[in-house]
Amino acid sequence: MIDKQKIKELIILQLEQALSNAVNAAESAHLAATDDQSVAETQYDTLGIEASYLAQGQSERIENIKQQILKYQQLLINDFAADDEIQLSCLLLLGSAENAKYYFIGPCSGGLKVSINGEDILVITPHAPIAQSLIGKYQFDQIPSMGNNSKVVLEILAVY
């Protein structure tokens, strides 16, 4: 059994690392934008302007990551049984007996991957096409594959 609270903690940890990296990048961009060497010497010298745009973009990224962290901190982790409808905070095993993957439906940060006990878990959001076809379904329901081969059907093997 995979601990969903641990999944939440690992997601927050990865987001906090991304936040730290973004803060460092924003500080570097801000220093570059205000550095004496960034002062334009000609009308074609745009280094200072480019650095200020970069600093602004990094600041927006910081706010976005902070919001993601807050959403996960506020996320209530629910336990699901086979007869419960799939929804937010659901961990599920999707695929076939030969090829199955874990997915966690989170409020944001789709595409983030965490590993627990050697199992990779991909975060998907309710806005993702795969999540839209999963939400409201139940264990052992089937959904069409999201890949190139639309004839493949995926089964919801387990719901946690």
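- Considering all non-hydrogen atoms of both residues, Val159 and Ala81 come closest at CG1-O, 4.1 Å.
- Within the model, atoms CG of Leu10 and OH of Tyr72 stand 12.0 Å from one another, a figure rounded to the nearest 0.5 Å.
- Side-chain N or O atoms of Asp3 include one that pairs as donor or acceptor with a backbone N or O of Gln5 at under 3.5 Å.
- Scanning for side-chain hydrogen bond (donor to acceptor under 3.5 Å, both in side chains) contacts around Asn21 gives Gln17, with sequence neighbours left out.
- We find the CG-CG distance between Leu76 and Leu88 to be 9.0 Å, quoted to the nearest 0.5 Å.
- Of the residues listed (Leu94, Leu92, Ile130), the one engaging Ile124 in a side-chain contact (heavy atoms from CB on, under 4.5 Å) is Ile130, and it is the only one.
- Hydrophobic clustering, with ILVMFWY side chains joined whenever heavy atoms are under 4.5 angstrom apart, keeps Ile135 apart from Phe140.
- With sequence neighbours left out, Glu63 forms a side chain to side chain contact (heavy atoms under 4.5 Å, CB included) with Lys66.
- For Ala22, the side chain to side chain contact (heavy atoms under 4.5 Å, CB included) partners two or more places apart in sequence, or in a different chain, are Gln58, Arg61, Ile62, Ile65.
- Although no hydrogens or angles enter the test, the distance criterion places a donor-acceptor pair under 3.5 Å between the side chain of Gln132 and the main chain of His127.
- Cys90 contributes atom SG, which lies 9.5 Å from atom CD of Gln139 (distance to the nearest 0.5 angstrom).
- Atoms CD and CG, on Gln142 and Leu157 in that order, are 9.5 Å from each other to the nearest 0.5 Å.
- Each of Asp79, Ile86, Ile2 was compared with Leu91 under the side-chain contact (heavy atoms from CB on, under 4.5 Å) criterion, and only Ile2 meets it.
- Every side chain to side chain contact (heavy atoms under 4.5 Å, CB included) that Gln73 has, sequence neighbours left out, goes to Ile12, Ile69, Leu70.
- For Glu60, the side-chain hydrogen bond (donor to acceptor under 3.5 Å, both in side chains) partners two or more places apart in sequence, or in a different chain, are Gln56.
- A donor-acceptor pair under 3.5 Å is formed between the side chain of Ser28 and the backbone N or O of Asn24.
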Just distance, no hydrogens or angles: give the donor-acceptor pairs under 3.5 Å from side chains in residues 95-115, sequence neighbours left out.
| from | atom 1 | to | atom 2 | distance (Å) |
| --- | --- | --- | --- | --- |
| Ser96 | OG | Glu98 | OE1 | 3.4 |
| Ser96 | OG | Asn99 | N | 3.3 |
| Ser109 | OG | Gln68 | OE1 | 2.4 |
| Ser115 | OG | Asp120 | OD1 | 2.5 |

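- Atom NZ of Lys4 and atom CZ of Phe80 lie 5.0 Å apart (nearest 0.5 Å).
- To the nearest 0.5 angstrom, Asn78 atom CG is 8.0 Å from Leu75 atom CG.
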